[in-house]
Asks: 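Here it is, the structure in full.
A, B, ... follow the sequence lines: proteins, then strands. Residue 1 opens every chain.
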Amino acid sequence: MIRNYFKIAFRLFKKEKRTTLTNIMGMALGITCSILIYLWVQDELQYNDFVKNGDSVCYVMTNHPITGGDIKTWATTPQPLKAVLEEKYPVVDKVALLSWEPPTNFKIENGFLQQNGNYASPEIFDIFQFPFVRGGHEELYNKTKTIVVSERFASYYFGENWNAKNIIGEFITTDNEDSYEVVGVFKNLPVHSTLQFDFIIPFAEKLNKNPWLNHWGNFQNQMYVQLVDGISVEEANNRIKNAIIDNRPDEATTEELFLQPFSETYLYSNFEGGKVAGGRIEYVRILSVAAILILLLASINFMNLSTARAAKRSKETGVRKTLGALKANLRVQFLIESVLITGFGFIMAMGIVSVLLPEFNALTGKDIGLAFFTPKFIMMLVAFIVLLGLASGIYPAFYLSALKPTRSLTGGGVHNKNEAFFRKALMVFQFIITMVMIIGATSVYKQVSYIQNKNIGFDRENLVEVSMGDINPTGNYQAYRKELLEKPGILGVTPINQNILDIGNSTSDPEWDEKDFNEITSFTIMCTDPDFLSTTGIRLKEGRNFNRAMAIDTANFIINTAAQKVMQMKDPIGKRLGFWDREGKIIGVIENVHINSLHVPIEPFIIRYDLPMTSKLLVRVEANKTTQAIASLKALHDKFNPGKTFNYNFISDMYKGQYKSELLIKDMVFYFTIIAILISCLGLLSLVTYTTNQRAKEISIRKVLGASITTILRLLSKEFLVLIILSMVIAVPIAYYFIWGWLQNFAYRITLSWVLFVISGAVTIAIAIFIIGMQVLKAANANPIKSLKTE
Amino acid sequence: MIKVTDLEKYYSTEEIKTIALNQFSFEVNKGEFIAVMGPSGCGKSTLLNIIGLLDDLDGGSFIFNGEDVTHYNERKRANLRKHNIGFVFQSFNLIDQLTVFENVELPLIYIGMKKADRKKRVHEVLEKMQIMHRRNHFPQQLSGGQQQRVAVARAVVNNPKLILADEPTGNLDSSNGDEVMELLTELNDQGATIIMVTHSEHDAKYSHRIVRMLDGQKVTEVSLV
Ligand SMILES: Nc1ncnc2c1ncn2[C@@H]1O[C@H](COP(=O)(O)OP(=O)(O)O)[C@@H](O)[C@H]1O
Ligand SMILES: [Mg+2]
């Protein structure tokens, strides 16, 4: 019996090649999307799950209340907190300190090796248990001036065959002439880890060099804790929340602590009001929902086609029933067909996935291999395919098997109102999904281009950041500057103390007359020189720039409009302002400039003429002459920093880097929407083809009676167009709701105008009209005698 | 063998209610060959469908082979049908995706006969219907007469006690039509009870008794033997 089912299924597929192929293709596209999204989501979820007792390892975050009731959350802690947590808080088992460290240069034969690493306390090895291939971490803390490195580091530094050499006991030297003895080599950290380093030096070294780190006011280190067994994160959080407030001896503070499980640090990295507020998890969710919707589209295609074909199948059903088939027999038969279609779609999808995987990896920046084709994965997929097949086939199966044989034998099953309604409802549903996706993709695209093209207050193109190296900002910098400006392609240069796109340096110390000391306002600070404004292109709104000739200007300040606002100054020029070691006046006001990401509002910003603090150079290069300019920069760098590595970064690239997830989601949503459109179009195409075939005789008779092609076109398209417009009406508010929610992630965002919705709808309708028109025209143009004869 | 009393059957659409059978009663004995005649739309097919257990009835009672089947559910009806009843339709109703052999084999599959037995039985019937040489053809590749012979073969393959034929010659020319009538007569001679709907007085002459209908009711009953 089963064989008979398969046989008839295959013959049916052969006979209705086009319908079957569209069905399979739709399924294949849907399955391809979901496999790709599944792989991506799996990869995302895999982060940080390498830790053995993952639930009890937490990252320590601090909440810093600022003016206006807002709270900033940072992954930084003061060093003395470690001892306090260890001694006074029994819920905490171990505390590990880890410095925040810029890349370090190590001397190698003829140049430098740049590596990322940290200074860390010994507990980091107890908590994470990084496996060692040579030596171990014990020796690291038994001696001074020691270092452990990763296998990767070892192979860069000692050569590919470092394994064959005895590198334990060798000394390696940084470009600051610090030498460290290698006491161990650890396995490279897992790729799926937010914690990444290639070397570790004992934290004590850092403290020796920077004794000020011992101060409670310096939130400079990362901290990981391991909780005592059986203590929940929630409970621990309650206990240690006020650890800083209760234990800081020198002054009263407001910083609260909270613990984030290490397993969540990757996916939940946004904080609002001192609480977790999503992060990449939102994209995991968006794409998972997209995968489900796309699958739904594909299976709706199948349902629609199968029930539409019911008229053709109803004779077969009727005959089988007459001959004694039970409903159950027929259901099994139809389900086998849908599982077969899904199966073929699945095989096709696997082919497409293996072809697309490299592209997909390039798009998402992942390294997903074919290794996921494990027997377990295949088994899971097969189960999934059978389920999907059953889900898609269940309605047609029940519908077809319930047809009365007496009616199906006379072809009476065709004009069932409920069934037609159901089919239309499915189609409307499908178009709602598609349209929501189109509107969503368009909005995401617009928001992301808005970010990319937004005037952030200065021209980020052709702006290069280079390290200062050995150049002394108060010494030979002037000579360097003079020489550099003479080189071709260089338009300007200014020393700065931190990345212009991500100024982490903020303080609430500034004082001015009439300051309300009950309010804490945080200002970001840029230390630079008079060339800053001309190099960046930031314009003065009021007042004047720093003047090199006026020694007093090093105590004066330029502020932005946001700072003016929080200081509540009508006429700020000449007003007193002071902080840290300097007391001076406000001499200029600049427009608000987007220093940090567009996710957050513009912050109060103060520029100091403070050369000793600077450590980097910002260089304006001539458009079209960037290669030349970089060469000039390198030449000069090599002259002033003999033997040191030359690094440079384009600010525009860094800017893009800030919106990596948005750019990724833009691309993914774009491609998946295209696929959704394709699937829906396939469905529409075959449904229209089917309907026009059904009405071939009617069309012929109408033509014989003198109907024009336009009349017929209008007659046949009307029904579909009404449905599509209905879908649009329903889709718009749904899309609006979701996009509005997503846009709340941005402090600066596009306004959702009706134009966007109209255009998205118009595009959908245009595509639909094209598909409907093509098919209907074909039917309308057909020779009427032919279809009349075959009846 | 069949006894229907006061059969009622209605069809309701949104607009109208059609009475397809109205207080229809009649009896058929084992081995009889009945012809049902009447104008189009008078309820002949409806009657056949009910007797063939394809459709349920809205009123009256139905006794089949001594069993009261009036209130049988679909499952029970299907079971009774596949063992006892064979159908022949005007439009043949062969399954386009199956070959001649497979079409004829289908009823045997549904009654769960073994494969080897099925093959033997199908060949036997195909020989008898003189259609053996076309066993691997698909229905579309056959002429109307040949298709109807296949349909008859399929109707009799499981040795049904009752054969229901709804205008079996309606789509055939007269020589092909006669051929099918000969087949039915032969089957009747071998013991099958036959109820046949027809428009043709010529075909009706092959039967033992003619039942004439009008507007869902029986008008006359004439015995020819
Ligand atoms: N499925 C149906 N729905 C509605 N009316 C039907 C249906 N089948 C038959 N009828 C109506 O019932 C009456 C009897 O039909 P039928 O038994 O097919 O007549 P006959 O076979 O004698 O031509 C007719 O008026 C027909 O229109
Ligand atoms: Mg009829």
Asks: Once you round to the nearest 0.5 Å, how far does CZ of Arg81(B) lie from NZ of Lys321(A)?
Replies: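 If I round to the nearest 0.5 Å, the distance is 8.0 Å.
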
Asks: Side chain from CB out, backbone as N, CA, C, O: work out which of these in Leu53(B) comes under 4.5 Å of a heavy atom of chain A, or both, or neither.
Replies: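 Contact with chain A is absent: no heavy atom of Leu53(B) under 4.5 Å.
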
Asks: Provide the closest heavy-atom pair for Arg11(A) versus Thr99(B) in the form atom of the first, atom of the second, distance.
Replies: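 So the two residues come closest at NH1-N, 4.1 Å.
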
Asks: CG of Leu323(A) to CZ of Phe87(B): how many Å apart, nearest 0.5 Å?
Replies: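 CZ of Phe87(B) is found 8.5 Å from CG of Leu323(A).
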
Asks: Using non-hydrogen atoms only, which part of Asn84(B) is less than 4.5 Å away from chain A: side chain, backbone, both, or neither?
Replies: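 Looking at Asn84(B), nothing touches chain A.
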
Asks: Could you tell me whether Lys30(B) atom NZ has more than 12 heavy atoms of other residues or ligands within 6.0 Å of it?
Replies: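 No - once you tally the heavy atoms of other residues, nucleotides and ligands closer than 6.0 Å, there are 12 at most.
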
Asks: What part of Glu105(B) lies closer than 4.5 angstrom to a heavy atom of chain A: side chain, backbone, both or neither?
Replies: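 Answer is neither: Glu105(B) stays 4.5 Å or more from chain A.
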
Asks: OG1/Thr322(A) to NZ/Lys82(B) distance, rounded to the nearest 0.5 angstrom?
Replies: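 Going from the OG1 atom of Thr322(A) to the NZ atom of Lys82(B) covers 13.5 Å.
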
Asks: Treating Arg320(A) as the side-chain partner and Pro107(B) as the backbone partner, does any N or O pair qualify as donor plus acceptor under 3.5 Å?
Replies: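 No.
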
Asks: State whether the number of non-hydrogen atoms from other residues, nucleotides or ligands found under 6.0 Å of His133(B) atom NE2 is greater than 12.
Replies: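 Yes, the 6.0 Å shell around NE2 holds more than 12 heavy atoms from other groups.
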
Asks: Do other residues, nucleotides or ligands put more than 12 heavy atoms under 6.0 Å from the CG atom of Asn65(B)?
Replies: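 Buried by this count: over 12 neighbours within 6.0 Å.
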
Asks: Does atom CD of Gln130(B) have more than 12 heavy-atom neighbours, drawn from other residues, nucleotides or ligands, at distances under 6.0 Å?
Replies: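 Open.
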
